[in-house]
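Lettering follows sequence order; numbering is per chain, from 1. Computed from a predicted structure; not experimentally measured.
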Amino acid sequence: MTGLLAADTIAEFLAGYVGEASGYGLTALIHAVIIIQFFAVAPLFYIWLERKVAGRIQDRLGPTRVGGKFGWLQTLADGIKLIQKEDLCPGAADGMLFRLSPYLVFVASFGAFLVLPWSDGWVAQNLDVGVFFMLAVMSLEVIGVVFAGYSSGSKWSLFGGMREAAQVVSYEIPMAMCALVPVIVAGTLNMVDVSRMQSGWFTNWFLFHNPFCFVAFWVYFTVATASVKRAPFDLAEAESELVAGFHTEYSGIRWSYFFMAEYASMFAVSGIATALFLGGWYTGIAPIDEGILVSLREVGGSPSPGVTSVGNYLANLVGMVVFITKGCLLVFLQIWVRWTLPRLRIDQVMQTCLKYLLPISCVLFVGVSVWPLLLNSCLGRTTVLPGEALGNKVPRARVHAVAPRTSAVFERDSNMIVADRAGGGRP
Amino acid sequence: MSGATFLFWVFALGAGGSAIAVVLSQNVVRMALWLILSLGSAAGLFFLLGADFVGATQLLIYVGGTLVLLIFGVMLTASGPFLSLKTNPGEVVLSGVIGCLLLGLILSSTGAVAWDTLPSAKHQDPAGFTPADEGSTLRPLGMSFLGLRPDKDLAGRGNAQVRGGRLSTGYLLPFEIVSVHLLVVLVGAAYLARAKRRKDEVAGE
C-alpha cells in the first residue's frame with residue numbers, strides 16, 4: 001500500500017540517493033526545518049495581529065509606520081531589537097536554570113507540532129496516539145515556566161511561576177477530557193484519521209456531531225486559552241500585579257523565546273481544536289472537497305493522498321491553507337477575548353476550573369459515551385443525521401500494514417506454547 | 001551507524017548521564033531538572049522502539065505530573081532561596097552499596113537472557129524503527145487493560161484447549177488493583193492534609 005505520510009515518501013526518495021541512514025537523518029532535518037519555519041514566522045504574524053486587534057478594540061490604530069501603512073514589519077523590527085539587547089542574568093538568580101528554562105518552554109511547545117496534521121498525509125509523525133502525545137508534550141511547558149520563575153531570584157517571578165504551576169496542573173484535566181469527547185466519537189487518537197472522518201459537508205464536523213461535542217468545543221477552547229496562559233487567565237504574567245510574572249527578569253532573545261513559545265502554543269491548541277472539532281484540512285463544502293480537490297488529486301498520477309504527484313501536492317497545499325486559516329481564526333478569537341474580558345483573580349481561576357469546567361467536562365465525557373446508545377434505542381442508528389459510517393472514511397491501509405506483524409506475534413506465541421508442551425512439567 | 005542507532009546512543013547517554021547528575025547534584029531544583037532530562041530520554045527510547053503510547057505516558061505522568069508536584073513540594077517547603085541537600089558519608093556508602101547490588105542484579109538478569117534465541121528477536125525490525133503509520137502498542141495494550149488477549153487466545157487453532165479451555169485475563173485485575181491503591185493514597189493524602197481545627201473552634205462557628 002502507499003505510504004500515508006510525507007515522512008515515508010521523503011525518506012524513500014532520499015534513501016535512493018544518499019543511503020538509508022543519511023536519508024533518515026535528512027528527512028528528520030527537513031521536517032524539523034519546515035516546522036521551525038512555521039514556528040518562527042507564525043508568532044511574527046500573531047504579535048502584529050495582536051497589536052492591531054488590541055489597537056482597534058481600544059479605538060487606536062496600532063502600529064502604522066514600520067513597513068508601510070499597516071505596520072506589518074513592526075514585529076520584525078522588534079525582533080531585531082531584541083536580538084541586540086544585552087542578555088542579562090540577575091546576580092541572585094540560579095544561572096544555569098535561568099538560562100536553560102526558555103529553551104525548555106521552547107522545546108515543549110515545538111514538540112507539539114510534530115503530530116499536527118497540516119493536510120491529508122502532511123504530518124511530521126503520524127502517531128497512533130497523536131492527541132495523547134500532543135497533550136503530553138504541551139504539559140511539559142509548565143516546567144520551563146516554573147523553573148524560570150524559581151531561578152530568577154525575584155519574588156514577582158516566583159509568584160508567577162507558582163500561579164502558572166497551580167493553574168496548568170488543574171486545567172490539564174478538563175483539557176484532556178474535552179479532547180477525549182471527539183476522540184470517543186471517532187474511536188481513534190490518530191489526528192489524521194480523526195480529521196479524515198470529518199470529510200464532506202461541514203455538518204460532518206465533530207462540532208456538529210452531537211450536542212456534547214458542541215459544548216465540548218467551547219469548554220475546550222476556554223480551557224486551552226487558560227492552558228496557554230492567555231488573558232483572562234494570564235495570571236502567570238499579570239502585568240498589573242506582578243510586573244511581568246515569571247519573565248520579569250528576562251531580556252533580549254531569551255525573553256522572546258517565551259513569547260515565540262506562547263504564540264506558537266496558541267496555534268498548537270487551536271490546531272488540536274481544528275483537527276478534532278472543525279474538520280481539519282477540509283473546507284466543509286462537499287463539492288469542493290469531494291469534487292474539485294479529488295479531481296485535482298488525479299492530475300499527474302494516482303488519486304491516493306499519499307502518492308507524490310503534482311495534483312496531490314496542490315490539493316494538499318489547499319488543505320494546509322484551509323487548516324492554517326482555521327487555526328488562525330481561533331487564534332484571532334483568543335486575541336479578541338484577551339482584549340475584551342478583564343483578568344480573573346487566581347482564586348477565581350482555580351474555582352472556574354475545579355468547580356465548573358471539570359464537572360462540565362466529566363458530564364460531557366459520560367454524555368458522549370451514552371449518546372450513541374440512546375440514539376440507537378430511539379432511532380435505530382447511532383447518529384442524528386443518516387450518513388456513511390465514520391470508519392469507512394479512513395483508508396484501510398493500516399490493517400494491511402499491521403497484518404504481518406500481528407501474525408508474527410501469533411507465530412511467536414504458538415512457538416512458545418509448543419515449547420511449553422515440549423517442556424512438559426514446567427508450570 | 002544508522003540513524004536509529006545514533007539516536008539510541010544519544011538517548012541512552014542522556015538517560016544515564018542525567019541520572020548520574022541527579023545523584024551528584026546538591027541543589028534540589030537542579031536535581032529535578034536532571035531528572036526531567038533522564039526521564040525524557042527514557043521516553044525518547046520508548047519512542048525509538050515504536051512504543052508511542054508508553055513514551056507519551058512517560059512524558060505525561062513522570063515528567064509533566066510527578067516532577068511538577070516534586071518541584072511544588074520543594075518550593076513550598078524550602079526555607080532558603082535555593083535549597084541544597086547535604087548527604088553525610090554514611091548515607092553515601094549505604095546507597096552506593098544498594099545501588100551497586102541493584103545494578104548487579106539487573107546486569108546478571110539481562111546477561112542471563114539468550115537474546116538471539118528469543119523468537120521475537122527475528123521479527124523485530126533490527127533498526128528499532130517501525131513505519132510511523134503502523135499502530136504500535138495502543139490497540140493490544142488497550143485490549144489487555146480491558147481483559148482481552150487476542151494475541152494469546154487466537155494464537156493457532158484450538159489453543160483454548162491447550163490452556164484447559166481458559167481464556168487469558170489480560171491486565172484488568174492488576175489495573176483495577178492499582179487504581180484502588182491510588183484511590184486509597186488520594187483519600188489518605190486528603191485526610192492528612194485537611195485543615196486541622198480544634199473542636200471548640202468548630203463549635204464556636
Val129(A) versus Thr57(B): any side-chain heavy-atom pair under 4.5 Å? no

Distance col, row Leu60(B):CG vs Glu172(A):CD, nearest 0.5 angstrom, shows 6.0 Å

Is the number of heavy atoms from other residues, nucleotides or ligands within 6.0 Å of CZ (Phe159(A)) greater than 12? no

Does any heavy atom of chain A fall under 4.5 Å from the side chain of Ile61(B), the backbone, both, or neither of them? neither

Residues of residues 101-109 of chain B near chain A, each having a heavy atom less than 4.5 Å away: none

When the ring centroid of Phe133(A) is compared with that of Phe47(B), is the distance short of 6.0 Å? yes

Under 4.5 Å from any heavy atom of chain B, what part of Ala108(A) do you find: side chain, backbone, both or neither? neither

Taking 4.5 Å as the heavy-atom cut-off, does anything in residues 135-144 of chain A contact chain B, and if so which residues? Leu135(A), Ala136(A), Val137(A), Ser139(A), Leu140(A), Val142(A), Ile143(A)

d(Leu104(A) CG, Leu37(B) CG) to nearest 0.5 Å is 7.0 Å

With the side chain counted from C-beta on, respond yes when Phe132(A) and Leu59(B) share a heavy-atom pair under 4.5 Å apart, and no when they do not. no

